[in-house]
Chemist: 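The structure that follows is given in the form of structure tokens.
Naming convention: chains lettered A, B, ... in sequence-line order (proteins, then strands); numbering from 1 in each chain.
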2 protein chains.
Amino acid sequence: MAFGLFTSRGFDATTVDEIAAAAGIGRRTFFRYFPSKNDVPWGAFEDELDRMRVRLKACPPQVPLMDAIRLALIDFNRVAPAQVPLHRRRMELILRVPTLLAHSTLRFTAWRAVVAEFVAERTGRRPDDLAPQAIAHAVLGVSVAAYEHWLDDPDADLGTLLDDAMRELAASFGSTLG
Amino acid sequence: MAFGLFTSRGFDATTVDEIAAAAGIGRRTFFRYFPSKNDVPWGAFEDELDRMRVRLKACPPQVPLMDAIRLALIDFNRVAPAQVPLHRRRMELILRVPTLLAHSTLRFTAWRAVVAEFVAERTGRRPDDLAPQAIAHAVLGVSVAAYEHWLDDPDADLGTLLDDAMRELAASFGSTLG
DNA sequence: CCTTCAGTGGCACTTGGTGCCACTAATGCG
DNA sequence: CGCATTAGTGGCACCAAGTGCCACTGAAGG
């Protein structure tokens with residue numbers, strides 16, 4: 001798999017020719033499966049988004065908005081213990097390799113849309129209104145911060161970090177009267 | 001200037017050769033002034049960051065943390081009325097052209113660091129602790145959301161949008177008890 | 001058996017980006 | 001003034017990502 005090449009040789013130093021050769025396909029065929037080399041670590045992310053959508057919708061309406069988002073966030077990012085190492089390697093690529101970090105922005109747009117849609121539905125606004133967009137952007141930011149800390153600490157639990165990060169943000173507004 | 005080419009021909013369709021020719025320099029020389037074509041719309045962003053740093057530091061300690069950030073944010077993004085059109089064109093490129101949006105992530109890292117540093121100093125933590133990082137990420141997200149709305153609405157005031165977006169985020173945590 | 005069509009991949013081309021090196025002009029020094 | 005050094009410039013060759021075009025192959029279907 002291409003992940004092996006990325007971790008051993010480094011992402012930038014691995015050429016598409018090498019990936020294609022390792023996969024036993026032609027270079028031209030590679031680009032029919034992946035729109036770009038940057039998309040390889042992402043896999044079928046769009047499908048994952050449906051999980052997040054469902055998880056958000058499953059939350060009972062009496063749970064406060066940001067609690068609902070926080071809990072869904074933690075659940076969405078839960079991975080089976082056996083797959084933690086792979087998830088770590090994947091996120092390490094996505095968040096630490098500058099080329100991929102930049103590219104990830106485009107993928108995150110779709111993720112934010114899911115959150116914004118949920119907020120809009122809950123608060124009776126349109127998904128592209130300021131509040132849903134601002135909240136979606138903020139939640140994504142908090143998630144990335146949690147992920148970065150998770151990558152820094154081999155023993156850390158991702159769910160705990162996501163929970164902490166969301167609570168820290170909430171607490172930071174504590175002394176604000178508006 | 002290169003901006004003219006970008007807005008008339010489109011960013012992706014404008015080649016480096018064309019930019020260099022329009023600027024009356026060689027292609028090789030272009031790459032000595034700009035690390036990449038993507039950096040052209042950014043200009044001297046690092047210098048701008050110092051303005052933000054100073055503005056944050058100038059805020060009296062009795063102002064609550066997120067209020068201080070919000071006010072600095074509004075001030076930092078204030079532009080002279082005469083330069084609004086140019087700022088609009090620039091931000092339109094940066095936030096709407098996918099290539100540039102992706103690239104901007106790398107520039108935003110430096111911006112976040114400024115906020116995280118301020119939060120760390122205020123709360124007695126290290127800049128790379130979870131809370132400062134989470135807050136910095138969130139504030140950046142809120143800013144981008146505000147900018148996107150600003151670009152959508154030709155008559156909108158950027159400062160007002162930034163203020164609103166920050167308040168909306170704060171309010172969204174209102175019903176959370178932790 | 002022959003036709004059709006989807007999947008494959010070779011080839012050539014464009015473009016961003018880099019290393020190398022030659023050229024030029026300004027500066028500094030005897 | 002003449003010469004050496006040096007910074008700035010840019011031409012040239014090269015690499016790698018990505019795309020359009022087209023020929024090939026093999027399976028399905030009449």
Side-chain angles (χ1 to χ4, degrees), chain A residues 1-47 89-111, chain B residues 1-47 89-111:
Chain A
M1 207 202 215
F3 270 58
L5 288 174
F6 289 159
T7 46
S8 68
R9 215 167 300 193
F11 179 81
D12 287 318
T14 306
T15 69
V16 172
D17 294 79
E18 290 170 337
I19 302 170
I25 60 175
R27 167 193 163 76
R28 197 63 187 79
T29 305
F30 169 87
F31 280 110
R32 222 166 259 126
Y33 282 100
F34 297 94
S36 82
K37 177 183 161 186
N38 293 334
D39 287 302
V40 174
W42 280 95
F45 184 60
E46 301 296 318
D47 300 349
R89 274 202 297 165
R90 179 157 52 139
M91 295 311 292
E92 201 129 358
L93 282 171
I94 288 174
L95 295 179
R96 295 247 209 257
V97 176
T99 313
L100 292 175
L101 175 61
H103 183 74
S104 67
T105 305
L106 307 178
R107 295 305 197 100
F108 286 153
T109 303
W111 188 90
Chain B
M1 207 202 215
F3 270 58
L5 289 174
F6 290 158
T7 46
S8 68
R9 213 166 303 194
F11 179 81
D12 286 319
T14 307
T15 69
V16 172
D17 295 77
E18 290 171 336
I19 302 170
I25 60 175
R27 166 193 164 78
R28 197 64 187 78
T29 304
F30 168 87
F31 280 111
R32 223 168 258 126
Y33 282 100
F34 297 94
S36 80
K37 177 182 160 186
N38 293 334
D39 287 301
V40 174
W42 279 94
F45 184 61
E46 301 295 319
D47 300 348
R89 273 202 299 166
R90 179 155 54 137
M91 295 312 291
E92 201 130 359
L93 281 171
I94 289 174
L95 294 180
R96 295 246 209 257
V97 176
T99 314
L100 291 174
L101 175 61
H103 183 74
S104 67
T105 305
L106 308 176
R107 294 305 195 97
F108 287 153
T109 304
W111 189 91

Chemist: If you only use heavy atoms from C-beta on, which nucleotide in dA16(D), dG16(C), dT8(C) is closest to the side chain of T29(A)?
Modeler: dT8(C)
Chemist: Which nucleotide sits closest to the side chain of F31(B): dG10(D), dG17(C), dA17(D)?
Modeler: dG17(C)
Chemist: Would you say the base of dG11(D) and the side-chain of R27(B) have a donor-acceptor pair closer than 3.5 Å?
Modeler: no
Chemist: As a test of reading the structure: which of dG16(C), dT9(D), dG10(C) is closest to the side chain of Y33(B), going by heavy atoms?
Modeler: dT9(D)
Chemist: Kindly state which residues belonging to residues 98-106 of chain B come within less than 4.0 angstrom of DNA chain C, counting heavy atoms of the residue only, listed by number.
Modeler: none
Chemist: Please give, in whole Å, the distance from dA17(D) C1' to K37(B) NZ?
Modeler: 14 Å
Chemist: Of the listed nucleotides (dT18(C), dT15(C), dG9(C)), which one gets closest to any side-chain atom of R28(B)?
Modeler: dT18(C)
Chemist: How close or far is atom P of dT19(D) from atom CZ of F34(A), stated in whole angstroms?
Modeler: 15 Å
Chemist: Look up atom CG in L101(A) and atom CZ in F108(B), then write down how far apart they are to the nearest 0.5 Å.
Modeler: 11.5 Å
Chemist: If you round to the nearest 0.5 Å, how far is CG of L100(A) from CD of E92(A)?
Modeler: 12.0 Å
Chemist: Expressed in angstrom and rounded to an integer, what is the separation of N38(A) atom CG from dA16(D) atom P?
Modeler: 16 Å
Chemist: Going by heavy atoms in the side chains, are V16(B) and F31(B) under 4.5 Å from each other?
Modeler: yes
Chemist: So do T105(B) and H103(A) actually touch side chain to side chain, heavy atoms under 4.5 Å?
Modeler: no
Chemist: Using distance alone, with no hydrogens and no angle criterion, decide if T99(B) and D12(B) have a side-chain donor and acceptor under 3.5 Å apart.
Modeler: yes
Chemist: Any donor-acceptor pair under 3.5 Å joining the side chain of R32(A) to the base of dG7(C)?
Modeler: no
Chemist: Are F30(A) and D17(A) close enough that some pair of their side-chain heavy atoms sits under 4.5 Å apart?
Modeler: no
Chemist: Compute the bend angle of the helix from dC1(C)-dG30(D) to dG30(C)-dC1(D) from the end axes (five pairs per end), rounded to 10°.
Modeler: 10°
Chemist: Between atom CZ of F6(A) and atom NZ of K37(A), what is the distance when rounded to the nearest 0.5 Å?
Modeler: 6.0 Å
Chemist: Counting only heavy atoms not in Y33(B), do more than 12 fall under 6.0 Å of its OH?
Modeler: no
Chemist: Nearest 0.5 Å, please: how far is CZ in R89(B) from OG1 in T7(B)?
Modeler: 5.0 Å
Chemist: Within this structure, what is the CZ-to-C1' distance between R9(B) and dT15(C), rounded to whole angstrom?
Modeler: 15 Å
Chemist: Closest nucleotide of DNA chain D for F30(B) versus for D17(A): which of these residues is on the 5' side?
Modeler: F30(B)
